[in-house]
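In this text the structure is predicted, and so the values were computed from the model without any measurement. Residue numbers start from 1 in every chain, and the chains themselves are labelled A, B, ... in the order their sequence lines are given, proteins ahead of strands.
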Protein chains: 2
Amino acid sequence: MTPENPRERLLEAAGEIFAEKGFKGATVREIIDRAGVNIAAVNYYFRDKERLYIEAVKHAACGEPEEPHLSWPEGTPPAGKLRDIIRFQLLKFLDPSRPAWLARLIMRELTQPSDACAELVREYIEPRSKVLLGVLRELLPPNTPRRKLFLTAFSIVGQCHFYCSHKPIIRLLIGEDEYQRLDPATLAEHITQFTLRALGVEKN
Amino acid sequence: MTPENPRERLLEAAGEIFAEKGFKGATVREIIDRAGVNIAAVNYYFRDKERLYIEAVKHAACGEPEEPHLSWPEGTPPAGKLRDIIRFQLLKFLDPSRPAWLARLIMRELTQPSDACAELVREYIEPRSKVLLGVLRELLPPNTPRRKLFLTAFSIVGQCHFYCSHKPIIRLLIGEDEYQRLDPATLAEHITQFTLRALGVEKN
DNA sequence: AATCATATCAAACAAGTGTTTGAAAATCAA
DNA sequence: TTGATTTTCAAACACTTGTTTGATATGATT
């Protein structure tokens, strides 16, 4: 299960702990403890704590499952593409079968960027952003101004990310029981319908 | 401008620095330096760093301007109330005339809650949540299930909070120039129209 | 003026931090 | 095997952290 390679063991452990406690809150001793390696390995495989953090973020982003919808079949209705995008985003945040710290680490970097952010945006955010904007161009009337496209995209992504970034508050507000009943599929359907109606696109 | 009271000076300085760097990232020496007080004042007026943090968060929440729409005139159309709520939320996050660290500190507490969170939810979030849910009850058909009300509220608040929590990413994505042109009024109008159409409420 | 509680201060403390060291062990190539 | 290179390790280092101390100043009360 856990990799033998001490470098990768460090990346995994660092990802978990950085996600949980942030850069300052995490200590290298706790990380090397979980990874089961000597403390000097941090400076051997990475230069210092900061480099370890950056590499851990990139490792987490790479470890993300590939989008299954970078290429839809020709003729796929754009509303269906939008549904796929929304569903996939929510799955990343809420799928209980995948480690929660992956999404958490990336979300942390999005809300309080460090030096790792520039790379993350270029390699991770930009491409996904382009896909969404392309679908919106199909859904909205031609010649829709660039600004309008972005505002719409933010409305969609804002709805999705809310369930990750504000997870603890949601728990407190609706109660633990109700929270457990929030499955990704239901949420995706709600957000999709909400958005399609907002865009004036009839159900498909 | 700045209060004479060392206790309040500490609260202000702590709020700014905690908002910027988080609990672990902020050091008491930097805080007392900005406040211009002796380091022992932290333990004199508050017990320790953690208490200072909690009090700073509460102080920031109290310093928030009172909602001007806790009571609308009788007969106000619910769509107008919704517009007021959305506009006010965005103003809190984006109004350049008010210190940015207030919203930032609260947002930080919402996305990575500490011990200060429970109180914040009770005194700050819950009441505003109830107002929004009440308006949604007016807008949506009677007997709309509780869960549907919450999901709708999350869709609205998610859109608004996105501009605060993901501010740095938005800057990177659309460019600094375009970001400067995102004024709160325009955003509020976009989100309001988006939401009203999603709810199937005709313009008013 | 004398007394007392309150407030401020510089200095030090103990614990924890990231980082480095230099030697030992393991691995590989000749 | 021999020698060279890579990897691992315990120990220590230099520094920052939050916190406490004990003395001094301030201000009100008797």
**Study point:** Atom CZ of A/R197 with >12 non-hydrogen neighbours under 6.0 angstrom
**Key:** yes

Ionic contact status for [Y] with [X], cut-off 4.0 Å:
X: B/E30; Y: B/K21; result: yes
X: A/R181; Y: A/E178; result: yes
X: B/R34; Y: B/E16; result: yes
X: B/K130; Y: B/E126; result: yes

Does anything in [range] reach DNA chain C, meaning a heavy atom under 4.0 Å, and if so which residues?
range: residues 26-33 of chain A; value: A/A26, A/T27, A/V28, A/R29
range: residues 35-46 of chain B; value: B/N38, B/I39, B/A40, B/Y44, B/Y45
range: residues 5-14 of chain A; value: none

Mind checking ring pair (Phe, Tyr, Trp, His ring centres under 6.0 Å) for [X] and listing every partner two or more places apart, or none if nothing turns up?
X: B/F154; answer: A/F162, A/Y163, B/F150
X: B/F194; answer: B/H190
X: A/Y45; answer: none

Rounded to the nearest angstrom, tell me the gap between atom [atom1] in [X] and atom [atom2] in [N].
X: B/K21; N: D/dG18; atom1: NZ; atom2: C1'; value: 16 Å
X: B/K49; N: D/dT17; atom1: NZ; atom2: P; value: 9 Å
X: A/K24; N: C/dG16; atom1: NZ; atom2: P; value: 17 Å
X: A/I17; N: C/dG18; atom1: CD1; atom2: C1'; value: 15 Å

Point to revise | Heavy-atom donor-acceptor pair, A/T192 side chain to A/A188 backbone, under 3.5 Å | key: yes

Practice item. Evaluate side-chain hydrogen bond (donor to acceptor under 3.5 Å, both in side chains) for B/Y53 paired with B/E109, printing each intermediate quantity in order. Key: CA-CA 11 Å; B/Y53 176 79; B/E109 193 58 31; 2.6 Å; yes

